[in-house]
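Encoded as structure tokens, the structure appears first; notes follow it.
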Number of protein chains: 2
Amino acid sequence: MANDKSKFVFRNRLLCALSPSDAALLTPHLRAVTLKLRQELEQPGRPIRRVYFIERGIASVVSAGIGKDRVETGLIGPEGMTGLMVLLGNHQSPNATFIQAEGTALAIDADALRVALEKSESLRRLLLKYAQVFVIQTAQTAVANARLTLEGRLARWLLMTQDRLGESKVPMTHEFLSVMLGVRRAGVTEALHALEGKRAIRARRGEIDILDRKIIQKRAGTLYGLPEAEYERLFGTPSPSSRTPCAGRARTAAT
Amino acid sequence: MANDKSKFVFRNRLLCALSPSDAALLTPHLRAVTLKLRQELEQPGRPIRRVYFIERGIASVVSAGIGKDRVETGLIGPEGMTGLMVLLGNHQSPNATFIQAEGTALAIDADALRVALEKSESLRRLLLKYAQVFVIQTAQTAVANARLTLEGRLARWLLMTQDRLGESKVPMTHEFLSVMLGVRRAGVTEALHALEGKRAIRARRGEIDILDRKIIQKRAGTLYGLPEAEYERLFGTPSPSSRTPCAGRARTAAT
DNA sequence: GACGATGAGTACGTATGCGTACGAACGCTC
DNA sequence: GAGCGTTCGTACGCATACGTACTCATCGTC
């Protein structure tokens, strides 16, 4: 699980955006890890041990009331990181975070991150910028849940997922989607059929092909694109100069 | 609007929780202001000029997609402050914030707050703790919008509002509630009748009396109480010693 | 190549909430 | 105390989504 830590080529956009000195601060603590499907990165009320900068794959933040009934409130891919609460100074979260699409990440001990955050103001600034985007994403989810039809919420979810996967095939079952969206499994099936009827997607067993994002975006209405736009505004087009070595970045959101 | 700034007695719980030195840092910049109904404290995409520590009344954060269709995603009372995005290092927000129940606040220029935040790590820590609670509140709203019936969402909203007002009378019209919850006005009327039938509330013209919180809590299910509990966990019972002078604090959430 | 497990299609009755609309009640102003 | 604007009660038809449940398809496994 550990790795030669001398030189990473980052796919994670946050790591790519680090200044050289901040990169030097973090890199010694980063460990390449694989993210297995349904692996739990954070559990409600438990101490957060590690924070993950996603390189490939998707982590999902799900919230619940005091009991069960989890619903997804945030999506994290190679544009972001887990451990929002650590950034804000907490050691735990009432939410759970788990892997929704397997991949890899660079992980850092929460304590090491805390130390680095105290040392470097620019690091704090950078990561808190991501916190902003994440907060906005959560707020948008709240609005989407209130105002969008099931098909619309599904459309929004597909777009956000595809952005983070960077592929046209989304490997998810209806059952899983229904849990994420907090709706009935059969409802997902029907909504997917509706999208399929419009030639927007093609559904296979355990997999959804995205055929036409434009059509899907129409379904999601105005509730797709704002966090993505805010991300671009805050992080800008990554200037290759004076930045940490960086792999070609994952596709960004279309507006 | 200005004020003798030498001695404040704070009702705002965040200000109350300030260490003496942090209080000394902020106090010179605080101005007592009145919050008028529907006054806009932040507008989407506009620079955030001032940040408000609510002393009495309620501010409401509403989010929208790229277009209209605003829905409330956060509530702020004397336990909190506006300007979350300033805390996170931004100068603007895609959300709007406006006064939902009139009152008063202590306001500080966003720039002055930024300077103070840079100077004092303990101040940063404290205010970011509130940011945590606010983020959790937003996530809970997302879950509530996905899973709760209209009556449940209304119940949750009534409880949160009453916590912040500290009174048993909530002065709101059905029309206004419908906008906040993102539902139909007539739907609010019906849901209120349902609650009234259970003797949980009593609805007058433009005003709702809270009669029995227990019954209302049953309606809100598990989706009321988590942010409130987290607030108490993080801020604890305010120890009167070594703290800034503080008025008797507003009622806290019952669990 | 049969079996079990998982995933997907479908269906029926019901509940929740929407859009719209109209009228009644209340409260303020002149 | 007449007039008017706001607020609230109510109603009807319809869309959306639910809960439940049964069947069929697909896949991996022995």
Side-chain angles (χ1 to χ4, degrees), chain A residues 37-38 68-72 100-102 142-158 169-198 200-209 219-221 223, chain B residues 37-38 68-72 100-101 142-158 169-198 201-209 219-221 223:
Chain A
L37 200 58
R38 271 154 199 57
K68 281 279 263 170
D69 243 16
R70 296 177 162 192
V71 174
E72 181 177 85
Q100 178 186 107
E102 54 187 12
V143 180
N145 289 347
R147 306 270 352 159
L148 248 45
T149 176
L150 172 46
E151 189 184 338
R153 270 179 284 164
L154 179 61
R156 174 171 178 268
W157 192 93
L158 286 173
K169 291 181 202 307
V170 179
M172 306 281 165
T173 68
H174 300 187
E175 169 68 25
F176 178 80
L177 280 174
S178 76
V179 175
M180 288 299 96
L181 298 176
V183 299
R184 198 177 44 129
R185 196 271 310 164
V188 172
T189 304
E190 288 158 2
L192 283 173
H193 287 173
L195 287 174
E196 200 163 8
K198 299 177 188 102
I201 62 167
R202 171 135 172 57
R204 277 197 250 297
R205 186 186 170 88
E207 189 178 81
I208 299 163
D209 285 20
R219 284 287 121 192
L223 285 164
Chain B
L37 201 58
R38 272 156 197 55
K68 282 280 263 174
D69 243 17
R70 296 178 162 192
V71 173
E72 181 177 86
Q100 178 185 108
V143 180
N145 289 347
R147 305 270 354 157
L148 248 47
T149 177
L150 172 46
E151 188 183 340
R153 270 178 285 164
L154 178 61
R156 176 172 178 266
W157 192 93
L158 286 173
K169 290 180 203 305
V170 178
M172 307 281 165
T173 68
H174 300 187
E175 169 68 23
F176 178 80
L177 280 174
S178 76
V179 175
M180 287 300 97
L181 297 176
V183 299
R184 197 176 46 129
R185 194 272 309 163
V188 171
T189 304
E190 287 159 3
L192 284 172
H193 286 172
L195 287 174
E196 200 163 9
K198 300 177 186 102
I201 63 167
R202 172 136 171 56
R204 277 198 249 296
R205 188 186 172 86
E207 189 178 80
I208 299 163
D209 284 21
R219 285 286 121 194
L223 285 164

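Naming: A, B, ... by sequence-line order, numbering from 1 per chain. Both backbone and side-chain heavy atoms feed into the values below; hydrogens, waters and symmetry mates do not. This structure is a prediction, so every number in the text was calculated from the model and none was measured.
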Is B:E72 paired with B:R153 through a side-chain N to carboxylate O contact shorter than 4.0 Å?
no

Quick one: B:L148 CG to D:dA17 C1', roughly how many Å, whole number?
16 Å

Using whole Å, report how far CD of A:E207 lies from P of C:dG7.
14 Å

Measure CZ/A:F176 against P/C:dA8 and give the value in whole Å, please.
12 Å

Taking the side chain of A:V183 as its heavy atoms from C-beta onward, which of C:dA8, D:dC18, D:dC8 lies nearest to it?
D:dC18

Note: for B:H174 and A:R184 on DNA chain D, the residue whose nearest nucleotide lies more 5' is B:H174

Just the rounded figure in Å: distance from P of C:dA8 to CG of A:L195.
15 Å

Return the 5'-most residue of the pair A:R185, B:T189 with respect to DNA chain D, ranking by each residue's nearest nucleotide.
B:T189

Which listed nucleotide (D:dA17, C:dG17, D:dC8) is nearest to the side chain of B:T173?
D:dC8

Between C1' on C:dT6 and CZ on A:R204, what's the gap in Å once rounded to a whole number?
18 Å

Comparing nearest nucleotides in DNA chain C, the 5'-proximal residue of the pair A:R147, A:M172 is A:M172

Here's a test of your reading of the structure: between A:A146 and A:E190, which maps to the more 5' nucleotide of DNA chain C?
A:E190

Taking OP1 and OP2 of C:dA15, is either one under 4.0 Å from a side-chain nitrogen or oxygen of B:T149?
no

Under 4.0 Å between any heavy atoms, over every strand shown, what does B:G187 touch: base, sugar-phosphate, or nothing? Just pick one.
nothing

Going by the side chain to side chain contact (heavy atoms under 4.5 Å, CB included) test, name the single residue among A:V143, A:V71, A:N145 that passes it with B:N145.
A:N145

Tell me whether B:R219 contacts the main-chain N or O of B:E151 through its side chain, where contact means a donor paired with an acceptor under 3.5 Å.
no

Rounded to the nearest Å, what distance is computed from the CG atom of residue A:L177 to the C1' atom of nucleotide C:dT6?
15 Å

What are the two closest non-hydrogen atoms of A:D209 and A:R204, and how far apart are they?
OD2-NH2, 2.9 Å

I need the CZ-C1' distance between B:R202 and D:dC8, as an integer number of Å.
14 Å

Quick one: which of C:dG9, C:dG7, D:dA11 gets closest to the side chain of A:R205?
C:dG7

Nucleotide nearest B:A186 when distance is taken to its side chain, options C:dT20, C:dG9, D:dA17:
C:dT20

Can you give me the closest heavy-atom contact between B:E196 and B:I201, atom names plus distance?
CG-O, 3.5 Å

Separation of atom CD1 in B:I201 from atom C1' in D:dC8, rounded to whole Å
13 Å

